[in-house]
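Here, residue 1 is the first one in the sequence, and each next residue gets the next number.
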Amino acid sequence: MKSLWQEKTRSELMARARRLTPAHQARWGKFTVDRMLAHMVDAFRMGMGEIEVRQRKIPIIGTWPFNVLFIRLIGMPKNAPTVREIIQRPPLSIDAELRELESAMERFAAQHQRTEWPRHPAFGKLSRRSWGVLGYVHTDHHLRQFGV
């Protein structure tokens, strides 16, 4: 399973992200390219504990082993809701958000030895391994949303 703990995986994701242009249209959902990039940056910031988010009450998905199975087998469904804390920041330019994304992804990856992680608002308590997989799955989901 691909994970953000793998340098090759991070490089592949950033190469895909750098192909984005303002002309790219979402295949589903309401994001524009710049808004989607800002959302991904803030999702990494949430994963590092830099942005606090409200917890959601999702009984089964937020408990082990269902959270891990959901992340690894089902992935991100199209048009899935998210918490407002990671969609409310006004985006910067696409180029600036790409720089922010690369920085956030690298800072996230640098924490691979961390033992305590913030609770995810939907998936609850996740291990280091699951955070790495989720980071990949979430980023891949949004890049596919824009066809890259």
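The side chain to side chain contact (heavy atoms under 4.5 Å, CB included) check on Ser130 picks up Val68, Arg72, Leu126, Ser127, with sequence neighbours excluded. Not counting sequence neighbours, the partners of Thr9 by the side chain to side chain contact (heavy atoms under 4.5 Å, CB included) test are Lys2, Gln6, Leu13, Tyr136. Listed by chain and number, the residues in a ring-ring contact (aromatic ring centres under 6.0 Å, His included) with Phe44 are Phe108 (sequence neighbours excluded). Applying the salt bridge (charged side-chain N to carboxylate O under 4.0 Å, His left out) test to Arg99 and every residue at least two apart in sequence or in another chain returns nothing. Not counting sequence neighbours, His24 has no partner by the ring-ring contact (aromatic ring centres under 6.0 Å, His included) test. Applying the ring-ring contact (aromatic ring centres under 6.0 Å, His included) test to Phe31 and every residue at least two apart in sequence or in another chain returns His39, His142. Scored by the side chain to side chain contact (heavy atoms under 4.5 Å, CB included) test, Ala80 finds Pro77 as partners (sequence neighbours excluded). Taking Arg10 as the reference, Glu106 meet the salt bridge (charged side-chain N to carboxylate O under 4.0 Å, His left out) condition, with sequence neighbours excluded. Partners of Arg128 according to the salt bridge (charged side-chain N to carboxylate O under 4.0 Å, His left out) rule, which considers only residues two or more places apart in sequence or in another chain, do not exist here. Partners of Glu100 by side chain to side chain contact (heavy atoms under 4.5 Å, CB included), not counting sequence neighbours, listed by chain and number: Val41, Leu92, Glu97.
By the 4.5 Å heavy-atom criterion applied to side chains, Met46 and Glu50 are not counted as neighbours. Here the side chains of Arg35 and Ile87 are in contact, with some heavy-atom distance below 4.5 Å. No side-chain heavy atom of Ile94 sits under 4.5 Å from any side-chain heavy atom of Thr21. Side-chain contact between Val137 and Met1: present, with at least one pair of heavy atoms (C-beta onward) separated by less than 4.5 Å.
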Practice task
Using the side chain to side chain contact (heavy atoms under 4.5 Å, CB included) rule, take Leu134 and Leu4 through it: C-alpha gap first, then chi angles, then the decisive distance, then the call.
Solution key: CA-CA 8 Å; Leu134 177 60; Leu4 287 185; over 6 Å; no

Problem - Trace of the side-chain hydrogen bond (donor to acceptor under 3.5 Å, both in side chains) decision for Asp95 with Ser93 - result: CA-CA 5 Å; Asp95 287 340; Ser93 69; 5.5 Å; no

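Heavy atoms only, all atoms of each residue included: Trp131 and His120 are closest at CH2-CD2, 3.8 Å. Across all non-hydrogen atoms, the minimal contact from Gly29 to Gln145 is CA-NE2, 4.1 Å. What you find for Pro118 and Gly47 is that their closest heavy atoms are CD-O, 3.3 Å.
Pairs passing the side chain to side chain donor-acceptor pair (under 3.5 Å) check and including a residue from residues 74-87, sequence neighbours excluded, do not occur. For residues 80-101, there are no ring pair (Phe, Tyr, Trp, His ring centres under 6.0 Å) pairs, not counting sequence neighbours.
Under the 6.0 Å cut-off for aromatic ring centres, Trp28 and His141 qualify, their centroids lying closer than that.
The distance from the OG1 atom of Thr139 to the CD atom of Glu12 is 12.5 Å, given to the nearest 0.5 Å. Once rounded to the nearest 0.5 Å, the distance linking NZ of Lys30 with OG1 of Thr32 reads 13.0 Å.
For the side-chain contact (heavy atoms from CB on, under 4.5 Å) criterion with Phe146, the lone passing option out of Arg19, Arg27, Met36, Arg16 is Met36.
Around atom CD of Glu7, no more than 12 heavy atoms belonging to other residues, nucleotides or ligands sit under 6.0 Å away.
In this structure, Arg119 is not positioned above the aromatic face of Trp117 in the sense of NZ or CZ being under 6.0 Å from the six-membered ring centre and within 45° of the axis.
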